[in-house]
Amino acid sequence: GSTVVVRARGRASTHNELSQLIEQLQITALHIATAYWNEWVDLLVASKAFVPESLRLLVATGEKISVQHYRRWKQHCRHEVLWCNAYGPTETTVTCTAFLPEPRWDEPEMPIGKPLRGYAAHILNDHHQAVGDDETGELFISGPALARGYLNRPELNEKVFLWLDLQGTGALTRVYRTGDLARWLASGDIEFGGRVDHQLKIGSYRI
């Protein structure tokens, strides 16, 4: 029964545009780029304001979460909001893993969570074999929501969309090679460990 709200092209004159939009339109769920969320948290802190009370769900995605900003967020959120750190490249139809911190969660690094239903995550070594517990490898994603590939880029498709024998049985699984380093935590969550190349994220855009 809800509706999707897209921000208008024109900029608002208020000092905290996002908070004003949430309050004006009574927005309850927000899917936001991490870089934009960081800026919003900074504005909340600077203006000594609080998260609008209509908001019930917030999903941040696109870059590594700043734990410092998450702590500040908790200080400026006076009501219950389901907060989610999501991960997933465009090639996996965006979100493929998610982490929902418990109310008392407070660690130096925030995991990217567990695979969502319909997805599977594989952390593999250079020989495409599963790494051991607490070992770092490259993160691969499989599942029916993977993209078909890049348009007119067969050479790139061959590099990142692979068919692998993950179980050693001869049965092949189509996976997407993310280029992200990761490791399994004892909780079953995935911890992001950086890139295997020199890619950077600036404002959630790949450079």
Side-chain angles (χ1 to χ4, degrees), residues 1-90 92-117 119 121 139 180 182-194 200-206:
S2 297
T3 188
V4 175
V5 176
V6 180
R7 184 179 69 81
R9 288 182 178 272
R11 302 306 299 266
S13 59
T14 180
H15 68 282
N16 192 327
E17 180 183 38
L18 184 55
S19 288
Q20 189 267 340
L21 287 172
I22 294 172
E23 291 172 347
Q24 176 184 349
L25 302 173
Q26 289 295 287
I27 292 171
T28 58
L30 187 64
H31 191 181
I32 186 171
T34 305
Y36 193 14
W37 176 75
N38 288 340
E39 294 292 334
W40 185 35
V41 172
D42 288 340
L43 278 173
L44 292 173
V45 173
S47 60
K48 298 181 180 179
F50 295 95
V51 177
E53 294 185 356
S54 66
L55 194 66
R56 301 199 306 264
L57 168 68
L58 188 138
V59 180
T61 185
E63 295 177 68
K64 185 176 181 180
I65 283 292
S66 160
V67 174
Q68 290 76 16
H69 279 82
Y70 177 68
R71 291 170 179 154
R72 295 170 193 157
W73 160 270
K74 292 177 66 177
Q75 294 174 350
H76 286 262
C77 189
R78 296 182 295 186
H79 66 289
E80 186 175 348
V81 175
L82 182 61
W83 190 95
C84 174
N85 178 28
Y87 164 87
T90 302
T92 66
T93 319
V94 191
T95 303
C96 59
T97 75
F99 178 74
L100 281 68
E102 298 290 340
R104 295 185 179 181
W105 183 91
D106 189 13
E107 300 290 341
E109 301 289 338
M110 183 176 290
I112 58 174
K114 301 178 177 67
L116 299 179
R117 183 179 299 176
Y119 289 96
L139 179 59
D180 291 328
R183 68 186 181 109
W184 291 108
L185 300 178
S187 62
D189 291 303
I190 299 168
E191 182 178 75
F192 174 80
L200 298 175
K201 281 288 191 73
I202 301 178
S204 297
Y205 286 95
R206 303 180 197 178

Q: Check step by step if side-chain contact (heavy atoms from CB on, under 4.5 Å) holds for Val5 and Leu21.
A: CA-CA 10 Å; Val5 176; Leu21 287 172; over 6 Å; no

**Q.** Atom pair CG (Leu44) and SG (Cys77), whose distance is rounded to the nearest 0.5 Å
**A.** 9.5 Å

Q. For the atom pair NE2 (His79) and OG (Ser54), what is the distance rounded to the nearest 0.5 Å?
A. 7.0 Å

Q: State the CH2-CD1 distance between Trp73 and Ile65, to the nearest 0.5 angstrom.
A: 10.5 Å

Q) Ala29: what forms a side chain to side chain contact (heavy atoms under 4.5 Å, CB included) with it, not counting sequence neighbours? A) Leu57

Q.
Quick one, Ile22 with Trp40, criterion side-chain contact (heavy atoms from CB on, under 4.5 Å). Give me CA distance, side-chain angles, the key distance, then yes/no.
A. CA-CA 12 Å; Ile22 294 172; Trp40 185 35; 3.7 Å; yes

Q | Leu185 side, atom CG; Ile190 side, atom CD1 - distance, nearest 0.5 Å | A | 9.0 Å

Q: Provide the closest heavy-atom pair for His15 versus Ser47 in the form atom of the first, atom of the second, distance.
A: NE2-CB, 3.7 Å

Q.
Tell me every residue that passes side chain to side chain contact (heavy atoms under 4.5 Å, CB included) with His31, counting only those two or more places apart in sequence or in another chain.
A. Val59, Thr61, Thr95

Q: Find out whether Tyr36 and Leu30 are in side-chain contact, i.e. whether some heavy atom of one side chain is under 4.5 Å from a heavy atom of the other.
A: no

Q: Kindly write out the residues that satisfy side chain to side chain contact (heavy atoms under 4.5 Å, CB included) with Ser66, not counting sequence neighbours, or none if the list is empty.
A: Asn38, Gln68, His69

Q | Over all atoms of both residues, closest heavy-atom pair of Pro115 and Thr97 | A | CA-CG2, 4.0 Å

Q. Sequence neighbours excluded, which residues qualify as salt bridge (Lys or Arg N to Asp or Glu O under 4.0 Å) partners of Arg56?
A. none

**Q.** Non-neighbouring partners of Ser187 that pass side-chain hydrogen bond (donor to acceptor under 3.5 Å, both in side chains), sequence neighbours left out
**A.** Asp189

**Q.** Where Gly88 and Cys96 come nearest, the two heavy atoms and their spacing
**A.** CA-SG, 3.8 Å

Q: Under the side-chain hydrogen bond (donor to acceptor under 3.5 Å, both in side chains) rule, collect the residues that match up with Asp180, sequence neighbours excluded.
A: Tyr87, Arg195

(Q) Applying salt bridge (charged side-chain N to carboxylate O under 4.0 Å, His left out) as the test, list every pair that has at least one member in residues 13-31; sequence neighbours left out. (A) Arg7-Glu17, Arg11-Glu17

(Q) Please enumerate all residues that pass side-chain hydrogen bond (donor to acceptor under 3.5 Å, both in side chains) together with Trp37, with sequence neighbours excluded. (A) none

Q) Where do Ala121 and Leu139 come nearest, in terms of heavy atoms and distance? A) CB-CD1, 4.0 Å

Q | Residue pairs, two or more places apart or on separate chains, that pass salt bridge (charged side-chain N to carboxylate O under 4.0 Å, His left out) and touch residues 28-55 | A | Asp42-Arg72

Q: Please round to the nearest 0.5 Å and tell me the distance separating atom CD of Gln75 and atom CZ of Phe50.
A: 10.0 Å

Check residues 100-112 and write down every donor-acceptor pair under 3.5 Å in which the side-chain atom is one partner and the other belongs to a residue at least two apart or another chain.
residue : atom : partner : partner atom : Å
Asp106  : OD1  : Arg71   : NE           : 2.8
Asp106  : OD1  : Arg71   : NH2          : 2.8
Glu109  : OE1  : Lys64   : NZ           : 2.9

Q. Looking at residues at least two apart in the chain, or sitting in another chain, which of them share a side chain to side chain contact (heavy atoms under 4.5 Å, CB included) with Gln20?
A. Ala12, Thr14, Gln24

**Q.** Interatomic spacing from CD1 in Ile32 to CG in Leu18 - rounded to 0.5 Å
**A.** 5.0 Å

Q. Listed by chain and number, what are the side-chain hydrogen bond (donor to acceptor under 3.5 Å, both in side chains) partners of Asn85, not counting sequence neighbours?
A. none

